[in-house]
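These numbers come from the heavy atoms of this one structure, side chains and all, not from hydrogens, waters or symmetry mates. Numbers restart at 1 for each chain; the letters A, B, ... are given by sequence-line order, proteins then strands. Keep in mind the model is a prediction, meaning the values are calculated, not measured.
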Amino acid sequence: MNLGYTEEQKAFRDEVRAFLNDNLPKRLSDKVAGGKRLTKADYEEWHAILNARGWLGVNWPTQYGGTGWDAVQRHIFEEETTAAHAPRIVPFGVAMLGPVLMAFGSDAQKAHYLPRILNGEDWWCQGYSEPGAGSDLANVQTTAVRDGDDYIVNGQKTWTTLGQHADWIFCLVRTSKEGKRQEGISFLLIDMKTPGIEVRPIVLIDGEPEVNEVWFKDVRVPAANLVGEENKGWTYAKYLLTHERTNIAGVGFARAGLASLKRIAGSQSHNGKPLIQNPFFAAKVAQVEIDLMAMATTNLRTIAAAASGQAPGAESSMLKVKGTVIRQQINALAKQAVGPYAAPFVSELLDEGTNVDPVGPAEAMPATQAYFNNRKLSIYGGSNEVQRAIISKAILEL
Amino acid sequence: MNLGYTEEQKAFRDEVRAFLNDNLPKRLSDKVAGGKRLTKADYEEWHAILNARGWLGVNWPTQYGGTGWDAVQRHIFEEETTAAHAPRIVPFGVAMLGPVLMAFGSDAQKAHYLPRILNGEDWWCQGYSEPGAGSDLANVQTTAVRDGDDYIVNGQKTWTTLGQHADWIFCLVRTSKEGKRQEGISFLLIDMKTPGIEVRPIVLIDGEPEVNEVWFKDVRVPAANLVGEENKGWTYAKYLLTHERTNIAGVGFARAGLASLKRIAGSQSHNGKPLIQNPFFAAKVAQVEIDLMAMATTNLRTIAAAASGQAPGAESSMLKVKGTVIRQQINALAKQAVGPYAAPFVSELLDEGTNVDPVGPAEAMPATQAYFNNRKLSIYGGSNEVQRAIISKAILEL
Amino acid sequence: MQFKLTEERQMLQDGLRRYLADSTDHEKIAAATDGATGLDHALWDGLAEMGLPGAMFTEDQGGFGGEGFDIMTVAEELGRAGLPTPLIDSALLSGTVLAETRPELTQDLVAGKIVGFAHAEPGARYDLAHVATRAEKTAEGWTLTGNKAIVQFALAADGFVVSARTSGATDAKEGISLFLVPHEHVTLRDYPLNGGGRAAEMTLDATLPEDALLGEAGAAYALIETAHARAIAGQCAEALGLMETIKDLTVDYLRQRRQFGQPIGKFQALQHRMADVLIEIEQARSAVINLCGNLDTPERDLHVSAAKNLIGRVARQVVEESIQMHGGIGMTMEYALGHFAKRLSMVDHRFGDADTHLERFIHLSQSAA
Amino acid sequence: MQFKLTEERQMLQDGLRRYLADSTDHEKIAAATDGATGLDHALWDGLAEMGLPGAMFTEDQGGFGGEGFDIMTVAEELGRAGLPTPLIDSALLSGTVLAETRPELTQDLVAGKIVGFAHAEPGARYDLAHVATRAEKTAEGWTLTGNKAIVQFALAADGFVVSARTSGATDAKEGISLFLVPHEHVTLRDYPLNGGGRAAEMTLDATLPEDALLGEAGAAYALIETAHARAIAGQCAEALGLMETIKDLTVDYLRQRRQFGQPIGKFQALQHRMADVLIEIEQARSAVINLCGNLDTPERDLHVSAAKNLIGRVARQVVEESIQMHGGIGMTMEYALGHFAKRLSMVDHRFGDADTHLERFIHLSQSAA
């Protein structure tokens with residue numbers, strides 16, 4: 001056993017740190033640290049900086065312009081970028097579609113789409129969820145009917161994160177109603193500019209339009225945009241979901257959140273002393289810190305196993321549940337810490353360079369909005385209920 | 001709304017208090033307060049004292065020699081006897097079998113058995129549970145086959161509380177394998193002295209043989225001992241289970257436990273101060289006290305509704321769950337409070353008049369044993385899982 | 001021992017429930033929050049006509065109630081409708097102060113006039129004794145200077161009961177005085193609130209006539225505490241009403257929403273968690289009853305802190321479980337749950353959170369023992 | 001970064017697991033607990049031959065291990081078997097002290113000799129600095145007077161490492177000294193323990209030769225703390241092993257036990273709770289790894305308290321959930337679960353409970369910050 005990094009890994013970490021120090025614009029890290037709203041241009045700027053260094057395709061092999069990093073390197077990169085308050089890499093193109101195309105796409109698709117993901121020409125979004133389906137992803141009602149060289153797509157997708165910025169959407173569509181529900185699904189790439197597509201933002205309980213509904217009405221999609229074989233889409237979808245879910249534990253986010261929580265609780269005064277010195281509050285912070293210390297090691301154990309070639313099984317689900325619970329606890333404590341000033345909600349404060357003054361402490365509103373927004377953590381990406389079912393099935397074998 | 005007792009109820013409470021003051025032997029209340037093992041003679045002594053006052057048949061109508069009290073009076077009696085550390089009334093004859101006989105027994109059975117329950121001639125135990133059945137009470141495998149004027153009983157019962165003292169057992173037995181499982185069950189009264197009955201104590205994790213296994217091998221039981229009709233026993237069993245479960249919330253036990261917990265935490269020193277002044281420990285005690293204050297009122301609300309003629313529905317299940325959780329939390333805190341001295345286990349200390357000195361504080365061992373013993377609270381009498389199912393079904397109606 | 005509402009309260013409850021069900025919903029509340037004062041004034045006038053503030057005052061004070069269970073009856077219905085109103089600020093906080101110090105003014109409150117309550121300050125967190133705002137006696141009367149935090153429905157108020165320090169250190173219970181300040185003497189920066197309604201930061205720099213002082217100078221702390229006990233009773237009852245509606249929404253959802261071929265309410269893991277939520281909502285109701293039944297007993301403060309602690313904990317459980325059981329739809333502001341859950345979530349951020357009241361409960365029980 | 005056991009440790013683990021599975025079970029442990037010393041001496045000798053205490057010492061000390069992960073490997077297997085042994089007291093507590101102060105004696109410990117550790121006192125609770133036992137320097141040597149609490153396997157021990165105060169106030173870290181005391185100099189009252197094994201209350205009233213002093217007089221606190229860090233590593237790893245066995249028993253039970261016509265493991269409510277138990281056991285494993293990997297780093301004490309806190313909390317959850325899921329059978333001493341659950345439940349009652357270590361963790365992190 002050895003809890004530390006090897007010399008090689010330490011050198012890599014130093015390289016990432018130096019890169020971030022030199023290349024991460026302060027304007028962006030300030031926005032991330034301050035809980036401001038990131039614009040499409042902000043994400044594109046950061047993608048371009050990473051791509052210039054060859055570090056955007058974090059989980060891609062070098063042959064497609066990726067980094068070729070192993071699981072430990074990816075973990076170090078994730079850890080360092082999060083600690084530095086870099087914007088996250090928008091996952092839909094890089095982390096999700098990329099690997100599917102590499103595994104199942106045609107040569108033409110790979111040659112066309114993969115470089116465009118890296119160089120920022122295409123912003124992708126995900127068309128999996130449908131209204132009324134929830135965690136039951138195989139319940140796909142959106143249809144694609146073959147008509148000559150095209151498919152005609154009709155239906156509706158929802159929870160499409162950042163879909164308002166997207167040039168393209170990858171979709172699960174129903175191409176057959178024969179056999180089991182899973183057997184008639186296909187994986188289709190659709191240009192968002194195609195006539196018949198409508199995008200409507202959904203305002204979440206943090207007040208932000210982070211997700212969207214996407215309607216398809218007689219949308220004509222070239223059959224060349226089918227990935228792999230018709231009616232085999234479920235296989236590709238599952239591959240996407242189980243393929244190396246990067247950073248499912250969210251250790252970096254949790255650490256950043258904990259550091260921010262401690263700052264807030266150090267600056268808030270409770271009965272004449274810093275809140276962090278109140279024994280009840282200190283106990284809750286310490287408890288979650290202890291949980292996080294253990295969870296970080298569970299995460300490293302899984303990463304080390306993955307780096308030595310073992311496929312993670314129920315471990316991913318364990319990390320998803322514990323990781324989201326810890327982050328949500330940190331969010332709840334930060335909301336508690338800001339006290340009465342959790343209540344005011346001034347949307348303009350989320351804009352960059354706003355000249356509106358915050359109401360109360362500047363950290364109050366972002367803390368509250370983060371609490372509300374991160375209730376999603378235990379719902380999306382396979383709800384924690386679904387994860388618990390996976391965990392118990394793996395061990396109970398019933 | 002009115003949270004207080006009426007003048008009449010207050011007068012009744014004073015009457016109970018005066019009675020306890022005059023009649024509850026200090027020897028018995030000391031044993032109960034000190035967590036000592038109660039003998040059969042102890043219970044019998046207390047039953048006789050209550051019966052002399054006409055207060056043993058707490059939930060019986062006056063025509064059978066009972067008190068005729070309403071739900072509020074029963075609650076007051078329960079509250080006062082518990083606070084005074086009186087032994088509990090052994091429930092199997094008085095609280096369980098009595099009402100079943102009154103509702104479904106023959107005149108001869110009522111005339112014979114009911115007085116004997118009150119005057120202490122018969123100690124009853126309960127033969128419901130069977131090995132492998134758990135919360136699935138309808139899963140009765142013990143058979144009773146008619147043979148002339150007798151039934152021949154074969155099978156096994158388990159978790160028979162205090163069965164080692166019993167003269168009689170009331171049993172669910174299978175008299176038919178036709179139809180639904182519930183339809184072939186009968187309710188039979190069996191003399192424990194009948195040949196073919198064997199009783200074996202089961203030692204629980206608190207070290208005490210509180211429950212027993214009871215084997216029946218070709219046990220011959222007169223058919224006159226059948227209660228009600230053959231194959232209708234399930235109705236009577238359910239009546240017993242749902243009929244006025246007295247004190248399901250256990251408020252009195254919880255209050256006594258909380259008082260004891262505070263005493264222990266006041267006497268234990270933690271880093272030079274009484275443990276009760278440690279903020280973490282004080283917080284946990286206060287939390288459970290606040291929960292108990294609310295639960296006591298939930299209990300009163302249910303009792304008031306019952307006294308005005310409403311049948312409690314899912315409220316009983318809610319009180320069962322919350323009441324047992326609170327008591328178990330109090331037990332866990334008391335075990336925590338006694339610190340390192342939770343470990344020693346000297347069985348002789350549970351005997352009355354022992355000349356063995358306790359190891360460490362006298363309250364340490366009883367606190368630990370109570371924690372282990374009361375893990376049963378959430379298991380027996382319909383496990384808390386079964387109660388949650390009842391609650392959710394009542395409201396979800398699915 | 002009796003847990004039924006009196007016939008009068010039952011009628012008020014039924015009337016309010018019907019009226020609110022007909023008159024408002026989460027979209028109208030959102031519209032009012034985006035409006036000028038955060039309040040639907042026509043709705044408030046209608047409620048005043050039905051006796052909404054009147055039930056907070058005794059007959060002597062011009063009302064027809066004033067007891068703890070009157071507060072519970074009314075506030076629970078406001079919670080059930082998810083409706084932000086100035087009831088707590090105007091009728092319970094300012095109302096309690098004015099009934100004691102200017103009884104002639106309570107008639108106006110009963111009629112629906114809004115008098116805001118400006119006591120909390122930016123650095124006070126939940127400490128009722130923290131008053132840095134100063135009041136100086138001058139030849140012209142009283143000069144008030146300082147800042148007040150999150151004054152609810154400030155733009156809807158005709159005036160304010162304002163606390164200021166006439167002596168003593170910033171955190172001392174002694175030396176706090178109360179003043180009646182007309183709207184035109186304060187500067188406000190207003191903003192919307194999570195969970196609906198609006199509030200404002202208040203800047204005070206004004207000279208008021210001598211008779212602006214309410215009661216005795218420097219001796220207002222006990223009255224402020226009494227006012228807060230009543231306000232917390234209202235707030236906890238409102239939280240209970242919010243829980244009831246969230247429960248109904250969630251139960252409906254569990255019954256109707258189908259996944260993997262059956263209603264999700266058939267899934268046992270959700271059934272058991274829902275059972276726990278139901279149990280805790282009953283606990284919350286009992287805590288509110290205990291508080292409302294003890295508003296005028298020596299155990300008042302113990303029950304204030306017990307209820308506020310329990311409501312804070314249960315609120316978090318109800319908010320988080322209801323959103324989780326709804327899944328994505330529970331995360332949106334389009335569906336009613338989002339509004340109710342946010343409003344319930346904010347209860348722990350006013351008048352002291354669950355931990356603050358746990359500390360106070362310990363302090364009170366240990367000094368009682 | 002590497003989380004696999006070395007080949008040597010893997011072999012030791014495999015060997016121990018096989019040997020213990022063949023040699024003991026909960027009934028034999030109960031029999032030993034009812035026996036004279038609480039220990040199955042033949043089994044202990046067998047374990048010593050396999051290198052059980054030896055793995056706790058470095059090669060320099062006559063052993064073949066001594067690192068945190070050696071402790072983890074061995075103690076986890078003892079936990080898995082539910083077997084009470086003097087490993088923690090003799091090899092980790094007394095062993096750490098003797099390796100530092102009398103290195104010539106560690107050979108005997110490696111060979112299986114038992115030296116008990118008598119430090120805790122009746123009023124000390126979990127305070128390591130609380131030593132009321134006095135040691136007076138006299139012409140003949142040292143006179144020790146006082147009482148020691150719950151000295152584990154006292155009747156099985158040949159002698160004891162005993163702490164006594166040579167100066168300072170009862171709770172002071174300074175002024176504590178350690179002595180080597182032969183068995184015949186102490187008076188013992190022994191008794192069985194919940195979870196198995198025996199311990200004794202010790203009365204000291206004896207005069208010892210001058211060389212009974214271990215190390216420097218009055219300066220033993222740091223060494224006592226180091227010994228406890230290693231003991232807690234062992235105890236936490238043992239707890240982890242207990243959890244693994246309880247998990248296996250419970251999973252088996254959920255798979256085999258049928259109710260309402262199906263295995264109870266098919267009930268979703270139990271599945272989800274079992275999933276949470278599994279997650280927490282992984283957390284416990286990580287906490288033990290963190291502690292064992294940091295026994296010789298400056299973060300040692302932070303990890304001691306983090307692990308002890310986490311293990312204490314998880315232990316309670318595992319104990320209570322496993323009994324609940326087993327139902328009645330889990331309440332009995334006939335079935336193995338009862339023994340394992342009680343033994344696991346006692347972990348929080350030695351070397352500081354979860355709250356005590358949470359307090360210490362807060363103290364350590366705030367003084368580090």
K.L.:
Under a 4.5 Å cutoff for heavy-atom pairs, which residue among C/L302, C/D355, C/I289 has the most contacts with chain B?
P.N.:
C/I289
K.L.:
Output yes when a side-chain donor or acceptor of C/E282 lies under 3.5 Å from a complementary backbone atom of B/M318, and no otherwise.
P.N.:
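Absent.
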K.L.:
Between C/N290 (side chain only) and B/T297 (backbone N and O only), is there a donor and an acceptor less than 3.5 Å apart?
P.N.:
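Checked: no pair found.
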K.L.:
Where does B/I276 contact chain C at under 4.5 Å (heavy atoms): side chain, backbone, both or neither?
P.N.:
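Both backbone and side chain of B/I276 come within 4.5 Å of chain C.
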K.L.:
Between chain B and each of C/N294, C/L278, C/L254, count heavy-atom pairs under 4.5 Å; write down the option with the most.
P.N.:
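Between C/N294, C/L278, C/L254, the count favours C/L278.
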K.L.:
Taking the side chain as everything from C-beta on, heavy atoms only, tell me whether B/E385 gets closer than 4.5 Å to C/H272.
P.N.:
yes
K.L.:
Spell out, as yes or no, whether a donor-acceptor pair under 3.5 Å connects the side chain of C/Q283 to the backbone of B/D291.
P.N.:
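Checking the backbone N and O of B/D291 against the side chain of C/Q283, a donor-acceptor pair under 3.5 Å is found.
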K.L.:
Is it the side chain or the backbone of C/E280 that comes within 4.5 Å of chain B heavy atoms, both, or neither?
P.N.:
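Just the side chain, heavy atoms under 4.5 Å.
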K.L.:
Look at the side chain of C/Q268 and the backbone N and O of B/A389, then say whether any donor-acceptor pair between them is shorter than 3.5 Å.
P.N.:
no
K.L.:
Decide yes or no on salt bridge (Lys or Arg N to Asp or Glu O under 4.0 Å) for B/K322 and C/D276, but give the supporting numbers first.
P.N.:
CA-CA 9 Å; B/K322 194 70 199 179; C/D276 283 332; over 6 Å; no
K.L.:
With a cut-off of 6.0 Å (strictly less than), are more than 12 heavy atoms of other residues, nucleotides or ligands near NZ of B/K393?
P.N.:
no
K.L.:
So which of B/P279, B/A296, B/A282 has the biggest tally of heavy-atom pairs under 4.5 Å with chain C?
P.N.:
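Most heavy-atom pairs within the cutoff with chain C belong to B/A282.
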K.L.:
Check each atom of C/R273 against the heavy atoms of chain B and say whether the ones under 4.5 Å are side chain, backbone, both or neither.
P.N.:
neither
K.L.:
Determine whether C/I279 and B/T298 make a side-chain contact, defined as any pair of heavy atoms from C-beta on separated by less than 4.5 Å.
P.N.:
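No, too far: nothing below the 4.5 Å cut-off.
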K.L.:
Against chain B, work out which of C/K4, C/R9, C/R313 has the most heavy-atom pairs shorter than 4.5 Å and name it.
P.N.:
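Among the listed options, the one with the most contacts to chain B is C/R313.
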K.L.:
Is a side-chain donor or acceptor of C/R255 paired with a backbone partner of B/L396 at a separation under 3.5 angstrom?
P.N.:
yes
K.L.:
Out of B/M293, B/Q287, B/M295, which one racks up the most heavy-atom pairs below 4.5 Å with chain C?
P.N.:
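Looking at each of B/M293, B/Q287, B/M295 in turn, B/Q287 comes out on top.
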K.L.:
Under 4.5 Å, counting heavy-atom pairs only, tell me which of B/V321, B/I290, B/V72, B/V285 racks up the most with chain C.
P.N.:
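Going by pairs under 4.5 Å, I would pick B/I290.
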K.L.:
Shorter than 4.5 Å, heavy atoms on both sides: which option in C/G265, C/G68, C/A307 has the most such pairs with chain B?
P.N.:
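Of the options given, most contacts go to C/G265.
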